[in-house]
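Here the structure comes first, spelled out in C-alpha cells, and everything after it is commentary.
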Amino acid sequence: MTYQPLNEDTALAYVKQSPLMGSVFAADDELHCVDLADGNVNLVFRVYAASDPVRKSVIVKQALPWVRVVGESFPMPLDRARIEARILEVEARWAPGLVPRPYLFDPEMYVQIMEDLNQHVIMRKGLVKQVKYPRFAADMGRFLARTLFYTSDLYMDSTEKKKMVAEMQNPALCKISEDLIFTDPYTNHPDNDWNRLLDPQAEAMRADDALKGEIFAMKEAFMTHAEALIHGDLHTGSVMLNQEETRVIDPEFGFVGPMGFDIGAVLGNLALSYASQHYHAPDEAARVDYQGWLLDAMAEVWATFEEEFRRLWETEGRDFGSPAYREQYMLRLLQDTAGFAGCKMMRRILGWAHVSDLQSIPDLEKRAYCESLALNIGRAFVMQRKALRNIEDLLAIVREAKSSFTYA
Ligand code: SR1
Ligand code: MG
C-alpha cells in the first residue's frame, strides 16, 4: 500500500483488511474508530468492536512526515516508526507486561498496531490531580533495570551489541533532542517560549557559562555514550498506568545512548510535578503529603532500579566482573541521572515543548513561582551532580530548593 496519512475512515478500513480480523476481532464484529491524537508528533486512532469496546480494541499509530502539532515546516523522517516498532519489541522481550503488546508493524504505511490501554491513564494527567500510583515506582525501576541491563555491554555479546547500535541509529530524532534539550533553551532561538515573568532568571541562566559548560558535557554524553538501548523520551506523558499496572509507551526517540538519560527523564519529570504542586494542591497538608509521595517515588524508582540492575549484573553479567568497577559504574549512573534530569527539567521551561504540569497553571505569577523552583532544582541537579553519593543526596536538592519568587 502506498503511504498516505490515515483519518478515522481510512484507519477503520485499514484495520478491517488487516490480520487482526480473526485474532483480536471476529470477521463480523461491528468496528468503530476514534481519533485520539494527543502528543506532539503522530497520528493515533482507537479501533474497537461495538460488542466489547474494552477488550476488543487496538491502537493504530501512524508516523507523519512532519511533527503533527507544527506541520510541514517541521519535517520528521517516517523511518522513526520502524525504530519505534523495533524498540517496542525489544522492550516487550525484556520487560513483558510493562509495555503495550505490539500486534503489527507495516513498513510501507509506517503504521503500528498495538494493545489499547483503555483502562490506563497518562501519568502526567494523574499527577496534576494528586493521584498516587502504588505500583509505579517498583514497575518503573524494574523496566529501567531490565531494558538497560539486557541491551548493554554488561550482558550482550560484543558483536551483537555493535549490530544493535547500527540498527537503532535514529539521527533525526536525536538531533531534535540535542537541539531542544541541550542547546536551544540556552540561546535566543526563535522557537523558545517562556513565561516572561521569568526573564531575569532566564537571562541569567543563558548568560551562565559555568552552567552551559556542564550542559554541554551532558550533551556530549548524550551524543557519544552508546551504553544501552534507551527509550529516549521517558517523561510522564510516556507512561500509562492505573492502580495495578504500569506501561511505558512511545519509544520513538530511542537509540543506543546513555542509561542516565532514561532514568533522569523519569526522576526529572517527577521533580517537575513536585514543583507544580504549589499550584495544583493549594491546601498545604495535601501538598506536603503529595510532594512526599513524589519524593518517595523518586527514591523507590532508583532503589528498585539499582537493586535489580546489580542483581542482573551479578547473576547474568558476561564481563566486567569487578566489584570495584561495579561501584564506580553505579555512582556514575546516579550522577548522569541527576545531570540529565536537570537538563530535561530546564528545557521544559526555557525552550520549546512545555509540559501540562506547569503550562496548565493559568495565573502567570503562580506559574512563575513553580517554574522558578523547577529551574533551581534542575540547575542544582546539573551543577552538583558530581558531588552526589546516593539517592538521598539527590532528594535533598529537591527538598532544599527554593523558588526565586514569592508565592502570591
Ligand atoms: C518535536 S517533538 C517535541 C518533543 O516532544 C517529544 O515528546 C520529545 O520530548 C520532543 O523533544
Ligand atoms: Mg512521545
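Below, each value reflects all heavy atoms present in this structure, side chains not excepted, and no hydrogens, waters or symmetry copies. Just so you know, ligand 1 is whichever comes first in the structure, and atom 1 is the first atom listed for that ligand.
Of the N and O atoms on the side chains of Lys163 and Thr159, not one donor lies less than 3.5 Å from an acceptor on the other residue. Between the side chains of Asp106 and Tyr14, at least one donor N or O lies within less than 3.5 Å of an accepting N or O. Checking Asp9 against Asn7 by side-chain atom types alone, no donor-acceptor pair falls below 3.5 Å. In the model, Arg348 has no side-chain atom that pairs as donor or acceptor with a side-chain atom of Asn269 under 3.5 Å.
Atom 6 (C) of ligand 1 has Asp233 OD2, 3.2 Å as its closest protein atom, hydrogens excluded (heavy atom only). For atom 5 (O) of ligand 1, the nearest non-hydrogen atom of the protein is Asn40 ND2, 2.9 Å. Looking at atom 11 (O) of ligand 1, its nearest protein heavy atom turns out to be Arg347 NH2, 2.7 Å. If you check which protein heavy atom lies closest to atom 2 (S) of ligand 1, you get Val41 CG2, 3.8 Å.
Near Val67, with a cut-off below 4.0 Å to any heavy atom, the atoms of ligand 1 are 1 (C). Those atoms of ligand 1 with a heavy atom of Arg348 less than 4.0 angstrom away are 9 (O). Within the listing of ligand 1, atoms 7 (O) sit less than 4.0 angstrom from a heavy atom of His235.
Between Trp302 and Ile263 the shortest heavy-atom distance is CE3-CG2, 4.0 Å.
An N or O contact shorter than 3.5 Å is missing between Trp352 and ligand 1 by distance.
The backbone N or O of Pro185 sits nowhere less than 3.5 Å from a side-chain atom of Trp194 that would complete a donor-acceptor pair. At least one donor-acceptor pair closer than 3.5 Å links the side chain of Arg385 to the backbone N or O of Val382.
Comparing Phe253, Trp66, Phe74 against atom 10 (C) of ligand 1, the shortest heavy-atom distance belongs to Phe253.
At a heavy-atom distance under 4.0 Å, no atom of Arg68 approaches ligand 1.
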